[in-house]
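Numbering of residues begins at 1 and proceeds along the displayed sequence. For ligands, and for the atoms within them, numbers begin at 1 and follow the listed sequence.
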Amino acid sequence: MIDVLVAGGGPAGLAAAVHATLAGLTAVVVEPRTAPVDKACGEGVMPGGVAALRALGVEPTGRELRGIRYLDGHHRAEAPFRDRPGLGVRRTTLHHALHERALDLGVQIVPGKVGAVRQTRDSVTAAGITARWLIAADGLHSPVRRRLGLELPAGARGRYGLRRHYHVAPWTDFVEIHWSSHGEAYVTPVADGLVGVAVLSRVRRAYDEHLAAFPALTAALHGAPATAVRGAGPLLQRVRRRVQGRVLLVGDAAGYVDALTGEGIALALTTAEAAVRCIAAGRPDRYEHEWSRATRRHRLLTRALLAASSRPAGARLVVPVASRVPPVFAAAVHALR
Ligand SMILES: Cc1cc2nc3c(=O)[nH]c(=O)nc-3n(C[C@H](O)[C@H](O)[C@H](O)COP(=O)(O)OP(=O)(O)OC[C@H]3O[C@@H](n4cnc5c(N)ncnc54)[C@H](O)[C@@H]3O)c2cc1C
């Protein structure tokens, strides 16, 4: 019997497998998609996420990010990251680096989907593999979470995200968040000659219709799309609890608020590390508390921003307020993981 079976080979699952192996545990990852896996994502890894990648022995190539800038056509507010840079990196590049690191350490990555989960007092079996523990890292709409009955209703009017890349030389080394009354466009330089633009909104319409709400940004992109549009949502995912028997939920599967603060990858890596640490210490019961501690600041900040932006009048105030009280904006940027 192996120690850890991991459902999902995204950032959370691969990080969990690497941490498990570094802790002397045997790990197998089950992932249905072929590497390198792409996904709808703003692709800005916050400084804490870059440090978490380094701790895994993973240093993907991308564009260094120096901070966060908010714009709304009339106002602008920016704050640099305090101690260390973030990283703009294509998901495929990030996935390749994590995948290679896992394989180098001897992690077995098998194609397949985790479906039914069977637990006994000492083991858990899924996808035909029996392990001491199952780490569910199967993403925003986690099938494992649903099967275990751990989902909570998230309410109506969910937010969705769409992203596309453009062939254009990056004009900034900041992540730019362009605000409008009905959503945000999130610009991340990810490589030489390549910029990603993710739009986040409650309104469901085509990507180009969203982008039309940001004329200055649209002009800067020179109409040169480099990739197809990818989408994800609804973003808000509420979860009853994160441990059930021998199953621990990590990354987006453990619950998600929104992509607005661009911390999902960092949190995926942090929560994966916490889950493995609890398992290795023989204290999986501690994971719920560790998850809560690791994600608290993110949840508070993201909910506060969402509350402010949930009505058009409030959304119009976000950038002017951020530009008028730079210390508050800087403190919010420093609080990012
Ligand atoms: C529009 C948008 C913009 C974003 N922008 C940013 C950003 O700029 N910065 C940032 O840090 N985060 C951002 N995020 C969030 C970030 O993408 C996620 O938080 C991150 O990918 C979570 O990693 P994960 O491994 O938990 O999940 P995923 O990356 O979704 O990986 C889950 C994996 O599980 C696999 N899987 C699914 N079902 C099964 C199954 N039954 N069995 C086995 N495997 C399965 C999937 O194939 C997938 O590979 C954004 C998200 C969105 C939607």
Side-chain angles (χ1 to χ4, degrees), residues 5-17 28-50 52-53 65 68 86-91 94-95 98-99 109-117 126-127 129 134-147 158-164 175-177 183-188 190 196-201 207 210 229-237 249-272 275 295 298 302 336-337:
L5 174 61
V6 182
L14 292 171
V28 172
V29 177
V30 177
E31 163 63 47
R33 299 170 65 197
T34 26
V37 172
D38 203 356
K39 169 186 186 296
C41 183
E43 302 177 330
V45 183
M46 296 301 112
V50 178
L53 283 172
L65 299 174
I68 306 285
L87 186 74
V89 56
R90 276 290 281 123
R91 282 295 293 228
L94 175 66
H95 188 267
L98 281 163
H99 192 255
I109 303 176
V110 297
K113 270 188 183 172
V114 169
V117 174
I129 300 168
L134 171 64
I135 292 185
D138 49 349
L140 199 60
H141 302 289
S142 169
V144 171
R145 181 181 72 207
R146 192 169 50 238
R147 277 180 183 265
R159 293 202 347 140
Y160 290 78
L162 299 169
R163 77 97 172 98
R164 166 173 255 181
V175 173
E176 283 189 353
I177 303 173
E184 307 85 43
Y186 193 116
V187 181
T188 314
V190 291
V197 183
V199 291
L200 306 171
S201 181
Y207 181 87
H210 279 295
V229 175
R230 274 183 186 269
L235 299 175
L236 178 63
Q237 299 294 326
L249 309 185
V250 302
D252 286 5
Y256 195 72
V257 184
D258 199 85
L260 189 50
T261 54
E263 296 171 283
I265 295 168
L267 293 171
L269 303 172
T270 311
T271 56
T295 60
H298 157 78
T302 311
L336 294 177
R337 285 220 151 254

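Counting protein heavy atoms only, atom 22 (C) of ligand 1 is closest to D252 OD1, 3.2 Å. Looking only at heavy atoms of the protein, atom 41 (N) of ligand 1 is closest to V114 O, 3.0 Å. Looking only at heavy atoms of the protein, atom 43 (C) of ligand 1 is closest to V30 O, 3.3 Å. Scanning the protein heavy atoms around atom 29 (O) of ligand 1, the nearest turns out to be R91 NH2, 2.9 Å.
Looking at ligand 1, you'll find an N or O of A12 within less than 3.5 Å of one of its N or O atoms. The shortest N or O to N or O distance between P11 and ligand 1 is under 3.5 Å.
H95 pairs by the ring-ring contact (aromatic ring centres under 6.0 Å, His included) definition with H99, not counting sequence neighbours.
Counting only residues at least two apart or on different chains, the salt bridge (charged side-chain N to carboxylate O under 4.0 Å, His left out) pairs with a member in residues 39-49 are E43-R90.
Every atom of ligand 1 with a heavy atom of G44 under 4.0 Å away is listed here by number and element: 7 (C), 8 (O), 9 (N), 10 (C), 11 (O). Against a heavy-atom cut-off of under 4.0 Å, A40 is close to the following atoms of ligand 1: 2 (C), 51 (C), 52 (C), 53 (C). Within the listing of ligand 1, atoms 53 (C) sit less than 4.0 angstrom from a heavy atom of A232. Every atom of ligand 1 with a heavy atom of K113 under 4.0 Å away is listed here by number and element: 42 (N). Taking every non-hydrogen atom of R33 and a distance limit under 4.0 Å, the qualifying atoms of ligand 1 come out as 47 (O).
For the atom pair L53 CG and L87 CG, the distance stands at 8.0 Å (nearest 0.5 Å).
Not a single heavy atom of Y160 sits closer than 4.0 Å to an atom of ligand 1.
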